[in-house]
Amino acid sequence: MLRFLLRRAVLALLVCLTVLVISFALTRLSGDLAISIAGPNATEQDIATVRKNYGLDRPLPTQFVDWAVHAAEGDLGRSYLYHAPVAGLIKERMPITLTLGLTGLVIALVVAIPLGVIAAMREGSLLDRAIGLLALFGQAMPSFWLSLVLIIWLGLNLQLLPISGVDTWQGYIMPGIVLAFSAIPALMRLTRAGMIDALSSDYIRTARAKGLSSTKIVLKHALRNAAMPVVSVAAVQLGFMLGGSIVIEAVFALHGVGYLAWESISKNDFPVVQAVVLILAIIYIGLTLLADAMNAVLDPRLRAA
Amino acid sequence: MSPVLEAGNLRVTFGTSVAAVRGVSLTMNRGETHCLVGESGCGKSVTALAIMGLLSRTAHRSADILRFHDYDLTRLSERGMARLRGDRIAMIFQEPMTSLNPAYTVGSQMAEVFQRHRRVSRATALDRAAELLQRVGITAPGLRLKQYPHQLSGGLRQRVMISMALMCEPELLIADEPTTALDVTVQAQILRLLQNLQRELGLSLLLITHDLGIVARMADRVSVMYAGEIVESAPAGALFAAPTHPYTRGLLRCIPVPRQVRRDEPLGSIPGVVPRIAPDFVGCSFRDRCAQAMPDCARHVPRQRATIDHDYLCRLPTDWTRAEAA
Amino acid sequence: MKHAATSLGALIVFAVLLAAVVAPLVAPHDPFVQDLNQRLVPPEWMDGGSAVHPFGTDQLGRDYLSRLLYGARISMMIGIFTVVTSGLIGITLGVFGGYFGGKIDEVVMFIITCRLSIPLILVALTVVALIGSSLLVVILTLGLLLWERFAVVSRTTTMQVRNLDYIAAAQAAGASRRHILLREVLPNILTPLVVVATLEMALAILLEAALSFLGLGVPPPLPSWGLMIAEGKDYMFFSPWVIMIPGIALFVLVLGINLLGDGLRDLLGAARPT
Ligand SMILES: Nc1ncnc2c1ncn2[C@@H]1O[C@H](COP(=O)(O)OP(=O)(O)O)[C@@H](O)[C@H]1O
Ligand code: SF4
Ligand SMILES: [Mg+2]
């Protein structure tokens with residue numbers, strides 16, 4: 001187990017390095033970054049000034065090493081737009097994105113696990129099919145459109161929830177629901193498959209032979225085993241949600257990291273863009289490692305090995 | 001004395017095309033070991049699961065009589081049945097490697113059944129579990145209780161299953177091929193264990209096996225199953241001395257006397273396989289493989305008595321074997 | 001019921017494909033022509049609607065039905081060409097990893113891991129922002145990003161196929177590697193890949209709509225459904241149809257593709273790719 005985790009950690013480090021290269025290369029895609037920054041009405045003179053000020057006149061490898069070394073020290077450069085350190089900007093906005101992501105994950109789990117359990121217990125029934133169809137509906141729902149529909153319906157018609165911003169905790173509910181939609185189908189199917197597997201297993205037959213109540217059989221004996229893959233996928237889904245929250249933050253005007261990234265992309269603030277790409281990738285990698293570790297805790301067979 | 005278990009005309013079908021158990025009747029008395037033998041696929045496990053009320057949802061069970069002491073199991077609710085299971089009727093399965101939950105410790109799984117039926121504290125239940133582990137010959141029970149199933153060998157797991165089944169001192173223990181998955185030395189230990197426990201606790205044991213050595217050693221009474229029916233049932237001595245049904249004779253070929261059988265002797269082999277039987281099947285299901293088959297065997301077959309407690313399901317007269325020998 | 005769902009999916013996909021092909025013939029108006037006197041006309045079935053604009057008009061007075069029909073072209077093009085691009089990349093990587101194994105496979109797995117850790121939408125937005133928004137750029141960007149499921153599935157299935165007898169026979173008969181990969185391996189792993197293709201097509205269509213909605217996808221005045229929703233957003237409180245019509249179109253198309261994929265999975269007996 002320890003060897004396995006160590007191997008994964010080394011791999012994770014290599015992936016981080018690769019992402020570092022990619023996020024740097026990404027912003028150099030257009031060829032001359034200075035032209036983009038200086039804007040459409042800039043003169044030759046302006047562009048040259050920009051190039052000098054931002055260090056873009058140096059050779060690319062020098063620029064990369066400079067950015068990588070600073071990034072490793074936690075210095076992610078300065079925002080052209082805010083004239084402030086990027087690390088500070090991201091740190092300031094990360095809590096909103098994390099809260100949103102976790103809200104989405106909790107909603108997704110609260111919906112997906114019971115649905116998956118019920119579908120598995122009634123495998124092949126009309127209810128099972130209805131739940132399967134529901135998952136397909138969720139999968140087909142464009143998140144930004146769902147956001148707008150919820151804003152009209154819950155925010156405007158019923159006036160139940162605030163339509164933008166997060167001045168109160170209620171502000172997280174609507175975006176949380178939308179974010180959850182993207183994760184529910186996968187989590188639900190996984191729970192269902194795991195439960196079907198578990199429910200037909202020999203140890204469930206043993207539990208029944210012991211005369212345990214059906215609640216205990218389903219929740220204690222079957223779900224515990226079905227939950228292991230769900231946990232790791234949930235961690236990965238949280239990673240996808242944090243990446244995908246850019247759309248939802250834009251719609252609901254939540255000033256989190258996603259919003260910051262969107263703004264920076266639209267306004268050519270590339271130090272911010274490459275930093276956000278890097279940070280989100282690192283969070284994702286961390287989450288996959290966390291999933292491995294959690295599985296090791298949950299599954300006694302892995303723990304001992 | 002009233003029987004512990006009585007089944008009359010027990011039937012189990014899967015869907016509309018498979019009849020796995022077709023009118024099984026059997027009676028178990030207190031302290032008796034009843035062996036159910038037959039080739040793989042003949043319906044032994046389904047019979048056991050039907051008695052336990054553990055059939056899958058796709059199965060349909062019916063019976064004229066299915067009684068455990070004073071409980072009419074055909075009418076008992078799932079809750080009522082769950083109260084009996086693990087407490088007064090227990091079962092050991094064929095697959096020790098997969099029958100324990102991998103996510104919980106041995107102690108937790110053993111204590112659970114005692115706590116469920118006896119409403120005692122976990123500590124008391126764990127003490128009881130340790131006691132039983134010791135009883136089935138496990139040293140250092142304290143350590144075993146803290147271990148997970150994957151840390152135990154197959155033999156140990158089956159011992160755990162046995163002691164778990166005994167937690168509440170059941171009156172009826174159904175053991176479905178409890179030693180098939182284990183190697184020979186472990187098999188012998190487990191059987192000796194079952195024999196001792198049965199003697200000490202006076203429990204009734206329904207022992208399912210396809211190993212004639214086990215039958216010869218353990219059985220008070222033997223029922224031979226074929227294609228979902230009991231084709232012959234008799235006290236062990238009588239069955240080995242005077243097997244009457246052609247199928248039983250095929251199984252016992254070359255093994256006329258009990259106690260001379262080698263323990264790991266498999267069932268005698270008869271050409272052909274157990275047919276899959278549809279619910280509307282009429283006649284003797286063995287006729288395709290039977291050397292004595294005659295045209296009438298395609299019609300209804302009567303159950304005949306060789307002696308007062310020895311019956312068989314065949315058209316042949318009881319003394320046909322003498323005619324054959326002549 | 002399962003059968004009905006699959007047929008419904010196929011019907012939806014076929015209908016949208018047909019709409020995309022014949023849009024110029026059946027559209028009642030030019031989708032780009034503005035009529036500032038006819039702004040935000042409601043659809044025919046609502047108060048104030050008329051048969052002239054069956055689905056109403058947008059904030060610039062452009063006919064909504066015509067825009068919707070032309071929008072189908074964009075969605076279908078995105079869906080099909082993205083899947084072709086990403087399929088080529090993913091299947092190549094997966095087959096190589098699965099067939100050769102060892103170091104090559106480790107490299108393939110590493111590339112897949114890297115791709116998964118990159119935030120998809122963010123990178124797509126950045127690329128489009130830097131290179132400039134056009135249909136071609138969106139297709140290529142999404143194609144370059146959405147290949148990992150193709151790679152994962154083709155890798156596992158290739159591994160299974162690799163050890164089968166007929167591959168060994170082909171090797172023994174001295175067939176070239178190229179021949180084995182293209183003629184022996186590929187045809188035998190196509191079944192599950194068809195299902196992946198439907199999933200990716202649905203995802204690509206949704207992502208294009210999201211990018212266009214955020215203003216960094218297909219450029220205006222092209223009638224991408226995502227863009228139509230973005231442009232209608234400011235008017236949605238008083239004229240909700242401007243976002244409902246393209247939104248429902250998008251939802252129904254993606255649902256249709258998924259229903260079709262689900263049905264194909266059952267028909268072809270492939271396992272659900274996760
Ligand atoms: N869940 C099931 N669905 C359909 N058929 C079954 C099921 N369980 C058992 N059977 C059939 O019932 C017959 C008896 O099986 P079983 O009781 O397991 O035999 P054995 O005597 O080996 O224990 C077999 O033909 C088997 O195919
Ligand atoms: S009834 Fe006929 S076929 Fe069946 S066992 Fe007896 S003799 Fe053989
Ligand atoms: Mg069996």
Side-chain angles (χ1 to χ4, degrees), chain A residues 11-12 14-16 18-19 22-23 26-31 33 36 126 129 132-133 136-137 139-146 148-149 151-152 156 186 189-190 193 233 236 239-240 242-244 246-247 250-251 258 261-262 264-266 268 270 273-274 276-277 280-285 288, chain C residues 1-2 5 9 106 109-111 113-123 125-132 199 202-203 205-207 209-216 225-226 229-230 232-233 236-237 240 243-244 246-248 250-259 261-262 271-272 274:
Chain A
L11 191 69
L14 279 176
V15 177
C16 281
T18 313
V19 174
I22 293 174
S23 53
L26 191 63
T27 51
R28 266 67 181 178
L29 265 181
S30 64
L33 200 52
S36 312
L126 219 59
R129 290 191 191 165
L133 210 58
L136 280 182
F137 272 58
Q139 227 174 347
M141 198 72 85
S143 61
F144 60 93
W145 180 66
L146 177 66
L148 298 180
V149 173
I151 286 174
I152 296 181
L156 200 76
R189 290 199 184 105
L190 203 63
V233 171
V236 173
F240 290 151
L242 294 177
I246 183 167
V247 181
V251 181
W262 180 50
S264 314
I265 292 170
S266 323
N268 296 327
F270 293 107
V273 177
Q274 61 189 11
V276 173
V277 170
L280 286 178
I282 289 175
I283 291 180
Y284 175 87
I285 295 162
T288 54
Chain C
M1 179 175 145
K2 197 82 222 179
E106 274 183 37
M109 284 306 285
F110 181 76
I111 299 176
T113 314
C114 288
R115 156 59 202 91
L116 279 170
S117 39
I118 296 173
L120 182 66
I121 300 184
L122 195 52
V123 168
L125 284 171
T126 312
V127 173
V128 177
L130 279 167
I131 303 188
L199 282 171
L203 188 59
I205 290 171
L206 280 178
L207 279 174
L211 297 185
S212 300
F213 175 79
L214 290 177
L216 287 165
W225 291 345
I229 296 173
K233 190 168 54 114
M236 69 179 187
F237 291 122
I243 69 154
M244 291 318 277
I248 290 172
L250 199 52
F251 171 72
V252 169
L253 173 59
V254 175
L255 182 66
I257 296 172
N258 283 337
L259 282 174
D262 237 37
R272 175 185 291 284
T274 44

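As the structure is a prediction and not an experimental result, all values here were calculated from the model. Excluded from the calculations below are hydrogen atoms, water molecules and symmetry mates; all remaining heavy atoms, backbone and side chain alike, are included. Chain letters run A, B, ... following the sequence lines, proteins first, then strands; residues in each count from 1.
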(message) I need the residue from A209(C), G226(C), G256(C), A129(C) with the largest number of non-hydrogen atom pairs under 4.5 Å to chain A.
(response) A209(C)
(request) Report the distance from atom CD1 of I257(C) to atom CD of Q139(A), rounding to the nearest 0.5 Å. (result) 11.5 Å
(request) Measure I205(C) against the heavy atoms of chain A and call it side chain, backbone, both or neither at under 4.5 Å. (result) neither
(message) In the structure I gave you, are the side-chain heavy atoms of T18(A) and I111(C) within less than 4.5 Å of one another anywhere?
(response) no
(request) Give, for atom CG of L116(C) and atom OH of Y284(A), the distance between the pair rounded to the nearest 0.5 Å. (result) 4.5 Å
(request) State, yes or no, whether a side-chain contact exists between I285(A) and T113(C) at a heavy-atom distance under 4.5 Å. (result) no
(request) Using non-hydrogen atoms and a 4.5 Å limit, figure out which bit of A202(C) sits close to chain A: side chain, backbone, both or neither. (result) neither
(request) Could you tell me which portion of A186(A) (side chain, backbone, both or neither) has an atom closer than 4.5 angstrom to a non-hydrogen atom of chain C? (result) neither
(message) Could you go through F144(A) and L214(C), starting from their C-alpha distance and side-chain angles, then the distance that decides it, and tell me whether this counts as side chain to side chain contact (heavy atoms under 4.5 Å, CB included)?
(response) CA-CA 9 Å; F144(A) 60 93; L214(C) 290 177; over 6 Å; no
(message) With side chain to side chain contact (heavy atoms under 4.5 Å, CB included) as the criterion, how do I22(A) and V123(C) come out once you've worked through the C-alpha distance, each side chain's angles and the decisive distance to 0.1 Å?
(response) CA-CA 10 Å; I22(A) 293 174; V123(C) 168; 5.9 Å; no
(request) Give, as side chain, backbone, both or neither, the part of V15(A) having an atom under 4.5 angstrom from any heavy atom of chain C. (result) both
(request) Go through C114(C), P119(C), S117(C) and name the one with the most non-hydrogen pairs under 4.5 angstrom from chain A. (result) S117(C)
(request) Measure the shortest side-chain to side-chain distance between V251(A) and F213(C) over non-hydrogen atoms and say whether it is less than 4.5 angstrom. (result) yes
(message) Let's test your reading of the structure: which of L11(A), L14(A), V273(A), V149(A) forms the most heavy-atom pairs below 4.5 Å with chain C?
(response) L14(A)
(message) Nearest 0.5 angstrom please: I243(C) CD1 to I152(A) CD1, how far?
(response) 4.0 Å
(message) Counting C-beta onward and ignoring hydrogens, is there a side-chain heavy-atom pair between L120(C) and F240(A) closer than 4.5 Å?
(response) no
(request) Give, as side chain, backbone, both or neither, the part of F251(C) having an atom under 4.5 angstrom from any heavy atom of chain A. (result) both
(message) Using only atom types and a distance under 3.5 Å, with no angle test, would you say the side chain of W145(A) pairs donor to acceptor with the backbone of I229(C)?
(response) no
(message) Side chains of I151(A) and M236(C), heavy atoms from C-beta outward: is any pair under 4.5 Å?
(response) yes
(message) Restricting to non-hydrogen atoms, name the atom on G244(A) and the atom on I121(C) that form the minimum distance, rounded to 0.1 Å.
(response) CA-CD1, 4.2 Å
(message) Using heavy-atom distances under 4.5 Å, tell me whether L255(C) contacts chain A through its side chain, its backbone, both, or neither.
(response) both
(message) So which residue, V19(A), V236(A), V247(A), ends up with the most heavy-atom pairs under 4.5 Å with chain C?
(response) V247(A)
(request) Under 4.5 Å heavy-atom distance to chain C, tell me which part of L146(A) shows up: side chain, backbone, both or neither. (result) neither
(message) Do Q274(A) and T126(C) have side chains that approach each other closer than 4.5 Å (heavy atoms only, starting at C-beta)?
(response) no
(message) Within this structure, what is the CG-CD1 distance for the pair L280(A) and I118(C), rounded to the nearest 0.5 Å?
(response) 11.5 Å
(request) Mind listing the closest non-hydrogen atom pair of A140(A) and L206(C) along with its distance? (result) O-CD2, 4.0 Å
(message) Could you measure the distance from the CZ atom of F270(A) to the CG atom of L130(C)? Nearest 0.5 Å is fine.
(response) 4.0 Å
(request) Quick one: pull up CD1 in I246(A) and CG in L122(C) and give me the separation to the nearest 0.5 Å. (result) 4.5 Å
